[in-house]
Amino acid sequence: MQNRHDTFSAMYMNIAHNILEYCGMRIGEGICREAVRRTGHDFGKYFKAILGKENLKINLKNFFYCAFYSDHDPRFHIKHIANEEERQIIEVYTCPLATYWNSHQMSKEGSFFCEEFQYACILALTDGKGQLCLTNSLTCPRDNYCKFSSFFRETNLDRAEVDQSFTNDSNQLVTDSRDFEVDFKQCLSALSIGLYHHLLEVAIEVSGQEGKYAVIKGLEEWAHTCVYLLQDKATKCLVDFDMSFIQDNLVISTNSSEDDLWEYYECNESRELMQTIALDYIIKHTN
């Protein structure tokens, strides 16, 4: 699980850095932020659909439980300051994403993700009626924790929306005793594919072929990084760096044609480029 997170962090970092490099700092930042916002919107709608399917109320308490419960990386250290249906305040003291980006001097690129993703999730979940404020961030050199404050007030909703969102019935809230779990691997794979797809999508929209080239360069660097990173992990685990190890530790499947998650992102060359530029290279360099 930790290796999957690191390969996700590397993917975003390599692509975002090359977008800034080839499209310019100002335009590149705009591309990265918009791509992260679109990804956050996708995820907010995804979790909203899951809650609805499970007949659970669509509120912040259920959302944050599902979103964080699905992530089993022990390097996250998170404390709930407020854990309510209308209000969620959390502090994050250690985060493997921020640690990875900071250690590679890519805090700026990382800050785009931290500032935009959760905000877009909350807006999508609440149909634009929720709020989120990030007052501290581990990607900022002045801070030593992240603080997310989210609000979804009953007073901002009509009666039908209140009935859909809030309850005094504990059976419609996600709790530790409830048999409810999101598949971590699939969730992180979907996040990776969606984020990459939107980075390519927005880069082409804004910068045309130059944007596409930037993403391709990012994929090439990511493939090299994954081979180096996972070879090192396999060596330390005293196992072979083979396809079995890759499938267990890489954030997405090496065979995109058989991965159903790609079906949601077929409007450009994202699947083909990922396979030919990155995944085939990783496959080629296994044992």
Side-chain angles (χ1 to χ4, degrees), residues 5 7-49 67 97-98 100-101 104 106-128 130 132 134 137 139 187-223 225-226 251-252 256 259 261-279:
H5 252 136
T7 55
F8 165 77
S9 299
M11 184 201 73
Y12 170 72
M13 180 189 76
N14 289 134
I15 295 176
H17 175 71
N18 277 279
I19 288 174
L20 294 179
E21 182 76 17
Y22 288 98
C23 300
M25 293 296 291
R26 182 179 63 82
I27 294 175
E29 178 174 342
I31 291 171
C32 293
R33 287 185 180 275
E34 176 59 21
V36 173
R37 284 193 290 268
R38 293 184 187 185
T39 310
H41 181 272
D42 290 348
F43 247 56
K45 289 296 185 183
Y46 169 74
F47 277 106
K48 184 175 182 177
L97 281 68
Y100 190 94
W101 296 328
H104 289 81
M106 300 286 181
S107 300
K108 182 177 180 64
E109 290 85 345
S111 70
F112 306 154
F113 185 89
C114 300
E115 293 169 9
E116 302 291 351
F117 181 73
Q118 286 282 11
Y119 177 67
C121 281
I122 296 299
L123 288 182
L125 179 81
T126 63
D127 294 325
L132 181 139
L134 175 63
S137 175
T139 54
C187 203
L188 190 57
S189 294
L191 174 62
S192 304
I193 292 170
L195 180 56
Y196 153 68
H197 168 85
H198 287 306
L199 285 165
L200 177 62
E201 177 182 59
V202 181
I204 293 174
E205 287 177 7
V206 175
S207 295
Q209 290 302 306
E210 191 172 49
K212 180 179 177 180
Y213 178 76
V215 174
I216 289 173
K217 293 296 292 182
L219 284 177
E220 290 175 348
E221 291 184 8
W222 179 61
T225 299
C226 285
V251 71
I252 61 176
S256 62
D259 190 343
L261 293 172
W262 283 99
E263 293 177 3
Y264 299 98
Y265 301 104
E266 293 285 10
C267 60
N268 61 25
E269 303 172 76
S270 55
R271 188 201 295 241
E272 179 184 353
L273 289 175
M274 173 62 78
Q275 187 69 54
T276 57
I277 302 298
L279 299 179

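Proximity of Leu279 to Met274: side-chain heavy atoms (C-beta onward) are separated by under 4.5 Å at one or more points. Contact check for Thr7 versus Tyr100: no side-chain heavy atoms found under the 4.5 Å cut-off. Between Thr225 and Met13, every side-chain heavy-atom pair lies at or beyond the 4.5 Å cut-off. Side chains of Cys121 and Phe47 form no contact here, defined as non-hydrogen atoms less than 4.5 Å apart. The side-chain heavy atoms of Phe8 and Leu97, taken from C-beta on, include a pair separated by under 4.5 Å.
When Leu200, Ile216, Leu219, Leu195 are each tested for a side chain to side chain contact (heavy atoms under 4.5 Å, CB included) with Ile15, only one passes: Leu219.
The structure places CG of Leu125 at 11.5 Å from CG of Leu132, a figure rounded to the nearest 0.5 Å. Atoms CG and CD1, from Leu261 and Ile193 in turn, are 4.5 Å apart once rounded to the nearest 0.5 Å. Note that OG of Ser107 and CZ of Phe112 are 11.0 Å apart. Values are rounded to the nearest 0.5 Å. Taken from NZ in Lys212 to OG in Ser207, the straight-line distance is 14.0 Å, to the nearest 0.5 Å.
Checked against side chain to side chain donor-acceptor pair (under 3.5 Å), Lys108 has no partners two or more places apart in sequence or in another chain. Scanning for ring-ring contact (aromatic ring centres under 6.0 Å, His included) contacts around Tyr119 gives an empty result, with sequence neighbours left out. Not a single salt bridge (Lys or Arg N to Asp or Glu O under 4.0 Å) links Glu21 to another residue, sequence neighbours left out. In this structure Glu221 satisfies the side chain to side chain contact (heavy atoms under 4.5 Å, CB included) test together with Asn14, Asn18, sequence neighbours excluded. Checked against side chain to side chain contact (heavy atoms under 4.5 Å, CB included), Ala98 has the following partners two or more places apart in sequence or in another chain: Cys95, Asn102, Leu138, Thr139. Applying the side chain to side chain contact (heavy atoms under 4.5 Å, CB included) test to Val206 and every residue at least two apart in sequence or in another chain returns Ile27, Ile31, Val202. In terms of the salt bridge (Lys or Arg N to Asp or Glu O under 4.0 Å) criterion, residue partners of Glu220 (sequence neighbours excluded) are, by chain and number, Lys217. For His17, the side chain to side chain donor-acceptor pair (under 3.5 Å) partners two or more places apart in sequence, or in a different chain, are Glu109. Tyr12 pairs by the ring-ring contact (aromatic ring centres under 6.0 Å, His included) definition with Trp101, Phe113, not counting sequence neighbours. Looking at residues two or more places apart in sequence or on another chain, you find a side chain to side chain contact (heavy atoms under 4.5 Å, CB included) between Asp42 and His198, Tyr265. For Ser111, there are no side chain to side chain donor-acceptor pair (under 3.5 Å) partners two or more places apart in sequence or in a different chain.
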Verdict with supporting geometry, Arg271 and Asp259, salt bridge (Lys or Arg N to Asp or Glu O under 4.0 Å):
CA-CA 10 Å; Arg271 188 201 295 241; Asp259 190 343; over 6 Å; no
Full working for side chain to side chain contact (heavy atoms under 4.5 Å, CB included) between Phe117 and Leu191
CA-CA 11 Å; Phe117 181 73; Leu191 174 62; 3.6 Å; yes
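Asp127 and Lys48 get closest at one heavy-atom pair: OD2-NZ, 2.8 Å. The two residues Ser270 and His197 come nearest to each other via the heavy atoms OG-ND1, 3.1 Å. The two atoms that bring Leu123 and Gly130 nearest to each other are CD2-O, 3.5 Å, heavy atoms only.
Tyr22 places no side-chain N or O within donor-acceptor distance of the main-chain N or O of Tyr213, the cut-off being under 3.5 Å.
Sequence neighbours left out, the pairs with a member in residues 28-38 that pass side-chain hydrogen bond (donor to acceptor under 3.5 Å, both in side chains) are Glu29-Arg33, Arg33-Glu115, Arg33-Glu116, Glu34-Arg37, Glu34-Arg38, Arg37-Glu116, Arg38-Glu201, Arg38-Glu205.
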